[in-house]
Amino acid sequence: MSAGRDQVKLTDEEVRGLLEENVKVQVAANGRDGFPHLTTLFYDVQDGRIAFWTYGRSQKILNLERDPRVTALVEDGTDYFELRGVSIEGRAEIVREHDRILEIGKAVSVRMFGVDSFEALGEIGAQTVEKQATKRVGVIIHPDRVASWDHRKMT
């Protein structure tokens with residue numbers, strides 16, 4: 001079984017490429033009742049780590065304040081032999097410093113809207129991001145374990 005896993009495992013460079021090519025991450029945090037609380041968010045890659053922002057009073061933040069363990073999944077492909085992904089188990093760092101939240105929010109917005117720079121979002125876009133930063137926190141996932149696969153390597 002491990003030979004099969006080794007065959008489809010992504011290299012570090014391929015992992016970076018997959019994370020850079022995609023814009024949505026599924027994030028699972030542990031709920032109070034023990035069930036995973038799963039959400040999908042837009043993200044950025046900062047210093048090799050997934051970073052996103054979300055409302056400070058959201059359920060995912062309440063869960064991460066209680067238990068910082070998190071699993072993140074970035075995947076793509078439609079057909080079985082196209083599937084590829086990266087699953088990251090780690091610890092969530094909750095960022096509460098306004099300037100850093102704004103930095104994460106700007107980066108996520110640029111990726112989310114597929115523009116080349118924050119300035120390309122225009123004045124209204126900039127005002128919206130700045131206003132949102134007052135209600136949000138940033139989250140940076142510090143990986144403990146990374147698993148990856150690319151079924152395209154099976155053919």
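- Nearest heavy-atom pair across S117 and V110 is C-CG2, 3.6 Å.
- Of all heavy-atom pairs spanning A51 and V108, the tightest one is O-CG2, 4.0 Å.
- Applying the ring-ring contact (aromatic ring centres under 6.0 Å, His included) rule to pairs touching residues 114-135 yields nothing, sequence neighbours excluded.
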query = Where do Q46 and R100 land on the side-chain hydrogen bond (donor to acceptor under 3.5 Å, both in side chains) test, with the steps shown first?
reply = CA-CA 12 Å; Q46 299 185 350; R100 186 72 175 104; 2.9 Å; yes
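- In this structure, K60 NZ and F52 CZ are separated by 7.0 Å, a value rounded to the nearest 0.5 Å.
- Remark: side-chain polar atoms of K9 are not paired, donor with acceptor, to backbone N or O of A147 under 3.5 angstrom.
- Atoms CD and CG, from E93 and L64 in turn, are 12.0 Å apart once rounded to the nearest 0.5 Å.
- Of all heavy-atom pairs between N63 and A29, the closest is CB-CB, 3.9 Å.
- Put simply, the side chain of E20 never gets that close to the backbone of G17: no donor and acceptor are under 3.5 Å apart.
- Judged purely by atom type and a 3.5 angstrom limit, E82 uses its side chain to pair as donor or acceptor with the backbone of T78.
- Around the CG atom of D79, the shell of radius 6.0 Å holds more than 12 heavy atoms that belong to other residues, nucleotides or ligands.
- Annotation for I101 and R136: closest pair CD1-O, 3.3 Å, computed over non-hydrogen atoms.
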task = Evaluate the side-chain contact (heavy atoms from CB on, under 4.5 Å) criterion for residues D76 and L18: first the C-alpha distance (whole Å), next the side-chain angles of each, then the deciding distance (0.1 Å), finally the verdict.
result = CA-CA 9 Å; D76 67 15; L18 182 92; 3.9 Å; yes
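- One hydrophobic cluster, built from ILVMFWY side chains closer than 4.5 Å, holds both V25 and L19.
- Side-chain atoms of R111 come within 3.5 Å of backbone N or O of Y43 as a donor-acceptor pair.
- A pairwise comparison of heavy atoms in S109 and W53 identifies OG-CZ2, 4.3 Å as the closest pair.
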message = For I88 and T71: C-alpha separation, side-chain torsions, deciding distance, then whether side-chain contact (heavy atoms from CB on, under 4.5 Å) applies.
response = CA-CA 6 Å; I88 301 166; T71 301; over 6 Å; no
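- Considering CZ of R57 and CG of L62, their distance stands at 9.5 Å, rounded to 0.5 Å.
- Residue V74 is not grouped with residue V23 when hydrophobic side chains (ILVMFWY) are merged at heavy-atom distances under 4.5 angstrom, including chains of intermediate members.
- Residues V129 and L102 come closest through the heavy atom pair CG1-CD1, 4.0 Å.
- The pair R152-E14 does not meet the salt-bridge criterion, since no charged nitrogen lies less than 4.0 angstrom from a carboxylate oxygen.
- Counting non-hydrogen atoms of neighbouring residues, nucleotides and ligands closer than 6.0 angstrom, the CD atom of E123 reaches no more than 12 such neighbours.
- Crowding of R66 atom CZ: a count of heavy atoms from other residues, nucleotides or ligands under 6.0 Å exceeding 12.
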task = Any chance you could lay out the side-chain contact (heavy atoms from CB on, under 4.5 Å) test for L38 and Q26, step after step, and finish with the verdict?
result = CA-CA 7 Å; L38 187 62; Q26 296 173 27; 4.2 Å; yes
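- Rounding to the nearest 0.5 Å gives a distance of 7.0 Å between CZ of R91 and CG of D67.
- At a threshold of 4.5 Å between side-chain heavy atoms, the hydrophobic network of Ile, Leu, Val, Met, Phe, Trp and Tyr places V95 and I50 in two separate groups.
- When the ring-ring contact (aromatic ring centres under 6.0 Å, His included) test is applied to Y80, the partners found at least two apart in sequence or on another chain are H151.
- For the pair N22 (side chain) and K24 (backbone), a donor-acceptor distance under 3.5 Å is absent.
- Between the OG1 atom in T54 and the CZ atom in F42 there is a gap of 12.5 Å [rounded to 0.5 Å].
- E89 has its side chain out of reach of P143: every pair of non-hydrogen atoms, C-beta onward, lies at least 4.5 Å apart.
- Residues I141 and V146 are members of one and the same hydrophobic cluster, defined by side-chain heavy-atom contacts under 4.5 angstrom among Ile, Leu, Val, Met, Phe, Trp and Tyr.
- Using a 4.0 Å cut-off between charged nitrogen and carboxylate oxygen, R32 and E65 do not count as a salt-bridge pair.
- Taking CD1 of I140 as the reference point, atom CG of D47 lies at 8.0 Å (rounded to 0.5 Å).
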request  = Go through the steps to decide whether R16 and E21 satisfy the test salt bridge (Lys or Arg N to Asp or Glu O under 4.0 Å), and finish with yes or no.
outcome  = CA-CA 9 Å; R16 283 190 295 276; E21 290 170 28; over 6 Å; no
message = What verdict does the side-chain contact (heavy atoms from CB on, under 4.5 Å) test give for I104 and D44, after you've listed the backbone C-alpha separation in whole Å, the side-chain angles of each residue and the deciding distance to 0.1 Å?
response = CA-CA 7 Å; I104 293 169; D44 186 44; 5.9 Å; no
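- V137 places a side-chain heavy atom less than 4.5 Å from the side chain of I61.
- A single hydrophobic cluster is seen to contain both V45 and V139, as judged by linkage of ILVMFWY side chains at heavy-atom distances under 4.5 Å, directly or through other members.
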